[in-house]
Amino acid sequence: MLSEKSRPVIEQTIGVVAERIPFITPEFYRSMFAARPELLDGMFSRSNQRNGSQPQALAGSIAMFASWLLSHPEGYPDELLSRVAHKHASLGVRPEHYPIVHEHLFGAIARDLGNAATPEVVAAWDEVYWLMADAMIRIEARLYGSQANDAVLAPFRVAAKEQAGVGTVALTLEPADGTPLTPAVAGQYVTVQVRMPDGVHQPRQFTLVPGPEGTRRIAVRLDERGEVTPVLHHDVRVGDVLTVSNPYGDVVLPEGDGPLVLASAGIGVTPMLAFLDRLVRQESQREVLVLHADRSVATWPLRELHELLVAELPGARLETWMETPGQGDHDGFMDLAEVRIPAGAQVVLCGPLPFMRAARSAAVAQGVPGRSIAYEILGPDQWMLHDDARAA
Ligand code: FAD
Ligand code: HEM
């Protein structure tokens, strides 16, 4: 809980801090990576630094946390903290890293705010930082403690590599040493760390899709302008060894017997495949509306598996939107207004941000409460910074 001393200071300065974040964060990262270049080797994504998405996410979340503390004195934004802690744990963030981020973030704040960074202002924001850090450190400790092993990353051999639609390959990874395998919950992801041609290691997350017992299977969509997916597509061969984290992620199958809507676009199909597989194993009778949008039938990742899983569920029905006319039930982008969402449904969305914004708005317009809509973003969560509905 924020102290009575800091509360008025945060109230007075949150506006200016939030406004300065886009300027503070590049300076924070510049100074941190100059002092600790090893953090860019295996932990931080170089591309997210270059395209600016991650700087906005980290710093923006601190301002969001502060405004939450002001409006909810008794609680914490659990959804935000949990999402970040899962991501951190998949990357091996440890308590000893927090003072490093603190030092460089607060140095950047002091330099940016100049005289406005009085000792009171710095002390109040320090309190916010450590409240948030301590909350995440606790969640991360619990997550690390619930794994079947103490390793952040373990070696996995590529046992199979198959084309899974145009632009996507599926990799089946089997343990390459004796590290015990933590069972994954449907919807979770792993971090895969890959050595780049210049020797630097780069981590990326991939959602686990159904695969043989005792393996991890991922479906990787090629991003031609990216760093890691071109290597996984073009260079990695069966028999190669990759380093892979334990499974993390808190967007999981909504429990209960109520109706479900699983709406995906493109590679956003991956968590849906895991959910459907879980429902099949449970012999679920739930009503499941499975919605998928793609450029064409050919680019639809793991299409056969998606269709097969739906066919195995008595209560499931699949409806598609294809940009290539005539290939799906509907032409063009998905429009949830064309679908009758079952009363009381839990909705899970996964795909590009514009898709999820549109789908979420359409679901809300049909009367689905915001809390019944979950989503997985296949990148840093910039959405939460703009989505007032979720902060409420
Ligand atoms: P990156 O190197 O990360 O580049 C991404 C983009 O950054 C590029 O398209 C480019 O536009 C931009 N960029 C790079 N350099 C610059 C520059 N210098 N200037 C401007 N822009 C630049 N992906 C899947 O395929 N399947 C999954 O199941 C999956 N699940 C995920 C689950 C989670 C929880 C998360 C967070 C992500 C998931 N992803 C998944 C996405 C995946 O982790 C990668 O982000 C994605 O594959 C791109 O990786 P990359 O290294 O090829 O591209
Ligand atoms: C990602 C917040 C401390 C390393 C993130 C994200 C947020 C965040 C919001 C984006 C999560 C998403 O994908 O949606 C914070 C806050 C911190 C903190 C508020 C302090 C209170 C740290 C520390 C480290 C760290 C101490 C380790 C040095 C990372 C990394 C990512 C990340 C590597 C993934 C980013 C990428 O490469 O794109 N953090 N974080 N964070 N954080 Fe933190």
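Just so it is clear, the model here is predicted, and its values are computed rather than measured. Order of listing sets the numbers, starting from 1, for every ligand and every atom in it. Hydrogens, waters and symmetry mates play no part in the numbers below; they use all other heavy atoms, side chains included.
Set against the non-hydrogen atoms of V84, the atoms of ligand 2 under 4.0 Å away are 2 (C), 7 (C), 8 (C), 9 (C), 39 (N). Heavy-atom proximity to N48, at under 4.0 Å, picks out these atoms of ligand 2: 36 (C), 38 (O). Those atoms of ligand 1 that come under 4.0 Å of a heavy atom in V220, given as number and element, are 25 (O). Each of the atoms 19 (C) of ligand 2 lies under 4.0 Å from some heavy atom of M132. Atoms of ligand 1 found under 4.0 Å from any heavy atom of D223 (numbered from 1 in listed order, with element): 5 (C), 6 (C), 8 (C), 9 (O), 52 (O). Atom numbering of ligand 1 starts at 1 in the shown order; those under 4.0 Å from a heavy atom of Y189 are 34 (C). With ligand atoms numbered from 1 in the order given, ligand 2 contributes 2 (C), 9 (C), 19 (C) to contacts under 4.0 Å with heavy atoms of S61. Close contacts of ligand 1 with T270, meaning ligand atoms under 4.0 Å from a residue heavy atom, involve 27 (C), 28 (O). Shown in contact with L91 at under 4.0 Å from a heavy atom are these atoms of ligand 2, numbered in order with element: 30 (C), 31 (C), 33 (C), 34 (C). Listed by number with element, the atoms of ligand 2 under 4.0 Å from a non-hydrogen atom of I62 are 19 (C).
If you look at V228 next to ligand 1, the close heavy atoms, those under 4.0 Å, come from the backbone and the side chain alike. When heavy-atom distances to ligand 2 are checked against a 4.0 Å cut-off, K87 comes that close only through its side chain, counted from C-beta outward. In L378, the parts holding a heavy atom less than 4.0 Å from any atom of ligand 1 are both the side chain and the backbone. When non-hydrogen atoms are compared, ligand 1 lies under 4.0 Å from the backbone of F206 as well as from its side chain. Residue contacts with ligand 1, taken as heavy atom pairs separated by less than 4.0 Å, involve I377 solely via the backbone atoms N, CA, C and O. With a 4.0 Å heavy-atom cut-off, ligand 2 is reached by the backbone of S45 and by its side chain too. At a 4.0 Å heavy-atom cut-off, ligand 2 touches L58 through backbone and side chain alike.
Of the charged side-chain nitrogens involved, at least one lies within less than 4.0 Å of a carboxylate oxygen, so that R36 and E38 count as a salt-bridged pair. Salt bridge status for R281 with D277: present, with a side-chain N to carboxylate O gap under 4.0 Å.
For L253 against R278, the heavy-atom pair with the smallest separation is CD2-CG, 3.7 Å.
Cation-pi contact between R94 and Y144: present, with separation from the ring centre below 6.0 Å and deviation from the ring axis of at most 45°.
Considering CG of L318 and CG of L313, their distance stands at 11.5 Å, rounded to 0.5 Å. The distance from the CZ atom of R216 to the CG atom of N246 is 6.5 Å, given to the nearest 0.5 Å. Atoms CE and OH, on M132 and Y98 in that order, are 8.5 Å from each other to the nearest 0.5 Å.
Polar contact check, R83 against ligand 2: a nitrogen or oxygen pair lies under 3.5 Å apart. Note: no N/O pair closer than 3.5 Å links Y129 and ligand 2 by distance alone.
Centroid-to-centroid, the aromatic rings of Y129 and H102 come within less than 6.0 Å. Separation of the F28 and F106 ring centroids does not fall under the 6.0 Å cut-off.
Using a distance-only test at 3.5 Å, with no hydrogens or angles considered, a donor-acceptor pair links the side chain of T25 to the main chain of I21. At distances below 3.5 Å, not a single donor-acceptor pair connects side-chain atoms of S6 with backbone N or O atoms of L2. Panel note: side chain R157, backbone E174; no donor-acceptor pair is recorded below 3.5 Å. When atom types are taken as modelled, the side chain of N149 and the backbone of T179 share no donor-acceptor pair closer than 3.5 angstrom.
Taking a 4.0 Å cut-off on heavy atoms, I218 fails to register as neighbouring ligand 1. Proximity of V93 to ligand 2 is established by a heavy-atom distance of less than 4.0 Å. Residue contacts with ligand 1: G249 is excluded, as none of its non-hydrogen atoms falls under 4.0 Å. For M136, the heavy-atom gap to ligand 2 drops under 4.0 angstrom.
Summarising the contacts of atom 3 (O) of ligand 1 with E224, R204, R225, E227, the nearest heavy atom is found in R204. Checking P230, S47, G226 against atom 53 (O) of ligand 1, the nearest heavy atom belongs to G226. Which of Q205, Q49, K87 comes nearest to atom 29 (C) of ligand 1 through a heavy atom is settled by distance: it is Q205. Among H88, Q205, H97, the residue whose heavy atom sits closest to atom 18 (C) of ligand 2 is H88.
Contact annotation: the side chain of T215 never approaches that of L173 to less than 4.5 Å [non-hydrogen atoms, C-beta and beyond].
W300 meets the ring pair (Phe, Tyr, Trp, His ring centres under 6.0 Å) test with H292, H306; sequence neighbours excluded.
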Give every donor-acceptor pair under 3.5 Å between a side-chain atom in residues 338-346 and any protein atom, sequence neighbours left out.
{"residue": "E338", "atom": "OE1", "partner": "W321", "partner atom": "NE1", "Å": "2.9"}
{"residue": "E338", "atom": "OE1", "partner": "H330", "partner atom": "ND1", "Å": "3.1"}

